[in-house]
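First comes the structure, then the notes that go with it.
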Amino acid sequence: MATFEFRMEGIEELENDLRETIEDCPKELKKGLNGIANDFRKSARKRTPDYKNHKGNPKLKLKRRYNKYAFVQDDKTGVLIYNDAPHFHLVERGHQLVRGGKLGEGGKVVGFVPGKHMMEKTKNEYEEIVPEKLEKILDDILKERDLD
C-alpha cells in the first residue's frame, strides 16, 4: 500500500491576507463607490437644464441640489444619489401646465410639460459603466494584497 504525504506551507499568510481583505473591502468599496457617485452626479448635472433665474430663488437651481450619501451597513455597501430640490420630480418626470391659479382653485390645465429624465438617462448610461468600474475596484483590492 502506498502512502502519500501532503504538505502545505504559507497557508497562515494566505488566511491572514484573506481576513484583512474581507475587513478592508467595505471601506475600499465605499471609497470606490464615492468616485463612481461623483462621476454620476457630474453626468446628471450636465443633463440638467439650467434655469438661471427660476423665480429668482437660488435654492431652486436644480444643478446645485445633487447630493450623495455613502454607507456601509452590515454586509452592504452603497451610495445614494439624489436631488433635494422640491420641484425636481416635476422636471424629471414632467407635469401638467396650469394657468390662471392652482388646479382646483380656478386654474386650468393648458398642456403638459414633458420631463427631461436627467437621472433616468444617467442611470441607464451607468448600468453598463458601474459593473466594469466595480470589477476594477475589486481587482485593485486583490492586487494590493497579492491575491490576484
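Residues take their numbers from the sequence shown, with the count starting at 1.
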| More than 12 non-hydrogen atoms from neighbouring residues, nucleotides or ligands closer than 6.0 Å to CD on Glu127, yes or no? | yes

| Tyr69, OH: over 12 other non-hydrogen atoms inside 6.0 angstrom | no

| remark: dist Lys136:NZ -> Lys133:NZ (nearest 0.5 Å) comes out at 10.0 Å

| remark: Shortest non-hydrogen pair, Glu92 vs Met118, comes out as OE1-N, 2.9 Å

| query | In Å and rounded to the nearest 0.5 Å, what is the NE2 to NE2 distance from His89 to His95? | reply | 9.0 Å

| request: Give a yes or no on whether Ile129 and Phe40 share a hydrophobic cluster (residues Ile, Leu, Val, Met, Phe, Trp, Tyr; joining criterion: side-chain heavy atoms under 4.5 Å apart). | output: yes

| task | Please step through side-chain contact (heavy atoms from CB on, under 4.5 Å) for the pair Leu62 and Val91, ending with a clear verdict. | result | CA-CA 9 Å; Leu62 293 175; Val91 178; 3.7 Å; yes

| Beyond-backbone contact of Leu80 with Asn67, side-chain heavy atoms, under 4.5 angstrom | no

| remark: Heavy-atom closest pair (Val79 atom, Ala37 atom, distance to 0.1 Å) is CG1-CB, 3.4 Å

| Which heavy atom in Gly32 sits nearest to a heavy atom in Ile137, and how many Å separate them? | CA-CD1, 3.5 Å

| task | Heavy atoms only: give me the nearest Ile81-Met119 pair and the separation to one decimal. | result | O-CE, 3.6 Å

| request: Compare every heavy atom of His117 with every heavy atom of Arg93, then report the nearest pair and how far apart it is. | output: CA-CE1, 4.2 Å

| Shortest non-hydrogen separation from Asn34 to Ala70 and the atoms involved | OD1-CB, 3.6 Å

| query | Do the side chain of Tyr126 and the main chain of Ile36 share a donor and acceptor less than 3.5 angstrom apart? | reply | no

| task | To the nearest 0.5 Å, tell me how far Thr77 OG1 sits from Lys30 NZ. | result | 9.0 Å

| Between CD of Glu105 and CG of Leu103, what distance do you get to the nearest 0.5 Å? | 9.0 Å

| said: Please say yes or no: joined through hydrophobic side-chain contacts below 4.5 Å, possibly via intermediate residues, are Leu90 and Phe112 part of one cluster? | reply: no

| message | Donor-acceptor check, side chain of Arg45 to backbone of Lys63, threshold 3.5 angstrom: yes or no? | response | yes

| Would you say the side chains of Thr48 and Tyr66 form a donor-acceptor pair under 3.5 Å? | yes

| said: If I take atom NZ from residue Lys46 and atom NZ from residue Lys121, how far apart are they, to the nearest 0.5 angstrom? | reply: 15.0 Å

| Stepwise side-chain contact (heavy atoms from CB on, under 4.5 Å) check, Leu33 with Leu134 | CA-CA 8 Å; Leu33 283 174; Leu134 283 176; 3.7 Å; yes

| said: Can you tell me how far apart OG1 (Thr122) and CZ (Arg47) are? Round to the nearest 0.5 Å. | reply: 4.0 Å

